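Before any comments, here is the structure.
Only a predicted model underlies this, so the values are computations on that prediction, with no experimental measurement involved. We use all heavy atoms of the structure for the numbers below, so side chains are in, but hydrogens, waters and symmetry mates are not. Start at 1 with the first residue, then count along the sequence. Atoms within a ligand are numbered from 1 in the order they appear, just like the ligands themselves.
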Amino acid sequence: MKLYSVGVIPGDGIGPEVMEEGLKALKALEKIHGGVSFDIHSYNWNCDYYKKNGRMMPENGLDILAEHDVILLGAIGAPGVPDHISVWELILPIRRRFQQYVNMRPAKLLRGMVSPLRYKEHADLDFVIVRENTEGEYSDMGGRLHRGTPYEIAVQNNVFTRFGTERIIRYAFSLAEESGKSRIIGATKSNGINHSMPFWDEIFKEIGQRYPHMETNLYHIDALAAYFISKPETFDVVVASNLFGDILTDLGAAIVGGLGLAPSGNINPEKEYPSMFEPIHGSAPDIAGKGIANPIAQIWSISMMMDHLGHRDLGHLLLETIEDVLEEGSVRTPDIGGRATTSQLGDAIINKMIGKA
Ligand code: ATP
Ligand code: MG
């Protein structure tokens, strides 16, 4: 029996609603496999916690999380608490402390779904965006001068280290190799950003030389954004800096059916520290409390978590069942054209999976 300790942060808004379905899926996986078991520890570290305590998590919050094998996050953020607090005090410290330097976001058009791109409605869209998750444009270096005057200046430095840039690009190439894919795109902007981006390109080329059988391309971010619309079916792996990756992943989610379906993993590939899996979407205050959030992004994140833990069979089963239910089409939440509730869709997936196994 393999026992995994899972730290769970349901978060705010629709976070706890979709997490409930995710935890049901974990229970179902235990039942199906028999050889895996999950020890769940839930933490109420969210914006309510912040309003009461003036911080997003206790002082030893990261030490507590360090004890788990993996972390599951719902969504964080609430009206009244600035995003930079919820992000900078909870999500970023977790990503940094646990060296989750890979943010992996699959963009895959699931069976049963239609892409909103005309002419690509049924294209084989199936690629992965690998976003650098610890440095780059999201650095805390910079400041403001001459506040409130006509001469005011804001400076934000980008930080690209050789260590950080090499490890993310290396990861992207090895991911492609492992999954039998051959096309790697690097997102750049070396014509306009003339220090950090040429550095990124050099490292991309250095590492690319070790994979002569792969087709490599560096595209400027503006052109690449256009290719996401005009030829996404030709992509396998896209590797990008923190900011470029952030933008591309929302775009990637949009072309395969929307945020309700988009999962992500914040991964420490060396498994030295826990990795964290979460839907891409936020807490969606506009639909929170209505019981209509789509739980698929959360459940798919758990499929990614199973892959990460080495149970690819279970990860595959979960994703395949999500596709079965989408293809059948009778149980869907409003964001994907149905009238089902969060728990009806969650149950449909879980019951079908138990039935299949
Ligand atoms: P954040 O700053 O936390 O990312 P946001 O408002 O930018 O918040 P989301 O909370 O992700 O972004 O919501 C964007 C839109 O997508 C909202 O209209 C929301 O209702 C919708 N949405 C997000 N997630 C889901 C979901 N799981 N199911 C259905 N609709 C969703
Ligand atoms: Mg958002």
Side-chain angles (χ1 to χ4, degrees), residues 9-25 45-51 56 72-92 94-95 103 105-108 110 112-114 116 129 131 133 138 242-243 245-264 266 276-304 318-319 322 325-326 329 331-350:
I9 306 175
D12 299 292
I14 63 169
E17 300 173 28
V18 295
M19 186 63 82
E20 200 174 315
E21 304 311 309
L23 295 183
K24 282 192 213 162
W45 303 339
N46 58 12
C47 290
D48 283 335
Y49 184 95
Y50 175 81
K51 285 176 192 158
M56 289 297 297
L72 274 178
L73 179 71
I76 289 288
V81 176
D83 271 354
H84 68 261
I85 292 194
S86 48
V87 173
W88 280 91
E89 292 196 10
L90 188 88
I91 296 176
L92 294 186
I94 293 174
R95 288 178 179 171
N103 193 322
R105 300 187 170 188
K108 178 178 162 72
L110 298 179
M113 292 302 294
V114 173
I129 303 162
R131 166 187 173 190
N133 215 18
Y138 286 46
N242 211 333
L243 174 64
D246 188 30
I247 298 167
L248 291 177
T249 48
D250 270 31
L251 189 52
I255 65 173
V256 296
L259 284 175
L261 298 170
S264 77
N266 300 274
M276 175 165 73
F277 297 85
E278 59 172 322
I280 288 182
H281 63 72
S283 55
D286 53 332
I287 56 163
K290 296 189 179 153
I292 55 165
N294 188 338
I296 288 180
Q298 182 78 67
I299 297 176
W300 188 351
S301 310
I302 289 172
S303 154
M304 291 176 71
L318 198 45
L319 182 55
I322 291 172
V325 171
L326 285 172
V331 188
R332 288 186 175 204
T333 43
D335 59 307
I336 49 174
R339 306 166 124 218
T341 63
T342 308
S343 66
Q344 283 167 343
L345 180 50
D347 287 342
I349 294 166
I350 288 150

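- Listed by number with element, the atoms of ligand 1 under 4.0 angstrom from any heavy atom of Leu259 are 11 (O), 14 (C), 16 (O).
- Of all atoms in ligand 1, numbered sequentially from 1 with element shown, those under 4.0 Å from a heavy atom of Asp83 are 2 (O).
- Between Gly282 and ligand 1, an N or O atom pair is found at a separation short of 3.5 Å.
- Gly77 does not count as a contact of ligand 1, since none of its heavy atoms falls under 4.0 Å from the ligand.
- Of the options Asn294, Thr341, Ile287, a side-chain contact (heavy atoms from CB on, under 4.5 Å) to Thr333 is made by Asn294 and by none of the others.
- Taking each of Thr342, Val18, Ile287 in turn, the one with a heavy atom nearest to atom 31 (C) of ligand 1 proves to be Ile287.
- Across all their heavy atoms, His281 and Ala297 have their closest contact at CD2-CB, 3.9 Å.
- In this structure, Leu345 and Glu21 have side chains that are not in contact, with every pair of non-hydrogen atoms separated by 4.5 Å or more.
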Before giving the answer on side-chain contact (heavy atoms from CB on, under 4.5 Å), spell out for Val81 and Asp12 the whole-Å C-alpha distance, their side-chain angles and the decisive distance to 0.1 Å.
CA-CA 11 Å; Val81 176; Asp12 299 292; over 6 Å; no

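- With a 4.0 Å heavy-atom cut-off, ligand 1 is reached by the side chain of Asp335 but not by its N, CA, C or O.
- Geometrically, ligand 1 and Ala284 share a nitrogen or oxygen pair separated by less than 3.5 Å.
- The part of Ile14 lying near ligand 1 is the side chain, judged by heavy-atom distances below 4.0 Å.
- For Thr342 (side chain) and Ala293 (main-chain N/O), a donor-acceptor pair under 3.5 Å exists by modelled atom type.
- Proximity of Ile292 to ligand 1, defined as any heavy-atom pair under 4.0 Å, is not found for any part of the residue.
- Counting the atoms of ligand 1 from 1 in the order shown, those under 4.0 Å from a heavy atom of Gly260 are 26 (C), 27 (N).
- For Pro16, the side-chain contact (heavy atoms from CB on, under 4.5 Å) criterion is met by Pro10, not counting sequence neighbours.
- Of all atoms in ligand 1, listed by their number and element, those nearer than 4.0 Å to a heavy atom of Ser283 are 3 (O), 10 (O).
- Looking at every heavy atom in both residues, Tyr50 comes nearest to Ile85 through OH-CD1, 3.0 Å.
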Hey, mind stepping through Met276 and Leu72 against side-chain contact (heavy atoms from CB on, under 4.5 Å) and telling me if it holds?
CA-CA 6 Å; Met276 175 165 73; Leu72 274 178; over 6 Å; no

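- Of all the atoms in ligand 1, the ones that sit under 4.0 Å from a non-hydrogen atom of Ala293 are 28 (N).
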